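Please read these numbers as outputs of a predicted model, since none were measured by experiment.
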Amino acid sequence: MTVHLAAVVLTKNEERHIADCLDSLNWADELVVFDDFSTDRTVEIAEARGARVVLHRLETFAAQRDAALEGVQAHWILFVDADERATPALAEEVRRVIALGSDEGKAGWWIPRHNY
């Protein structure tokens, strides 16, 4: 199966947030948690939500993202912070754009966000 969209969450001790985050991303073809050897229940919760967990020591945030990009095989990768939630409207729009094939010539999109 070709993975069109993988949702990736970089984590370190995010047991408080990871379940709700992954639940908001369950529309993605693959859920990946790229974890910096959490000492709480982050990994256990992520696996219970169906995420593939990759343990990788964080050197810098940029290096962690690059490692995730190398470790995930998908046409599109959506990075989401553990304390962020994807809305149903975002899920619908992303799926619509991917289905239309309008990604030709596009390298990525910025998603507007609301901070609380």
Check whether Val94 and Leu22 end up in the same hydrophobic cluster, where Ile, Leu, Val, Met, Phe, Trp and Tyr are linked by side-chain heavy atoms less than 4.5 Å apart. yes
Hydrophobic clusters here meaning ILVMFWY residues chained together by side-chain heavy-atom distances under 4.5 Å, can you tell me if Phe61 and Val54 are in one? yes
Between Gln64 (side chain) and His56 (backbone), is there a donor-acceptor pair under 3.5 Å? yes
What is the distance from atom CZ of Phe37 to atom CG of Asn13, rounded to the nearest 0.5 Å? 12.5 Å
Would Glu14 and Ile45 count as a side-chain contact (heavy atoms from CB on, under 4.5 Å) if you check the C-alpha gap in whole Å, the side-chain angles of each, and the deciding distance to 0.1 Å? CA-CA 10 Å; Glu14 291 286 355; Ile45 294 166; over 6 Å; no
Are the side chains of Lys12 and Leu58 in contact, using a 4.5 Å heavy-atom criterion? no
Whether Asp83 side chain and His17 backbone form a donor-acceptor pair below 3.5 Å: no
Same apolar cluster: Leu25 and Val33, side chain cutoff 4.5 Å: yes
Assess whether a salt bridge exists between Asp36 and Arg57, defined as any Lys/Arg side-chain N lying under 4.0 Å from an Asp/Glu carboxylate O. yes
So, for Val72 and Glu30, which heavy atoms are closest and what is the spacing to 0.1 Å? CG1-OE1, 4.3 Å
Atom of Arg49, atom of Leu31 and distance for their closest heavy-atom approach: O-CD1, 4.0 Å
Using 30° and 60° as the class limits, which term best fits the ring planes of His4 and His75: parallel, tilted or perpendicular? parallel
Mark yes when over 12 heavy atoms from residues, nucleotides or ligands other than Arg85 sit less than 6.0 Å from its CZ; otherwise mark no. yes
Checking the side chain of Arg95 only, and the main-chain atoms of Trp27 only, is there a donor and an acceptor separated by less than 3.5 Å? yes
Going only through I, L, V, M, F, W and Y residues with side-chain contacts under 4.5 Å, is there a path from Phe34 to Val53? no
I'd like to know if the side chain of Glu44 reaches the main chain of Arg41, judged simply by a donor and an acceptor atom lying under 3.5 Å from each other, with no hydrogens or angles considered. no
Please report the closest heavy-atom contact between Cys21 and Ala82, naming both atoms and the distance. CB-O, 3.3 Å
Val80-Ile77 co-clustered via ILVMFWY side chain contacts under 4.5 Å: no
Does atom CD of Glu47 have more than 12 heavy-atom neighbours from other groups under 6.0 Å away? yes
Please give me the minimum heavy-atom distance between Ile111 and Leu78, naming the atom from each residue. CD1-CD1, 3.5 Å
For the pair Asp29 (side chain) and Leu5 (backbone), establish whether a donor and an acceptor sit closer than 3.5 Å, ignoring hydrogens and angles. yes
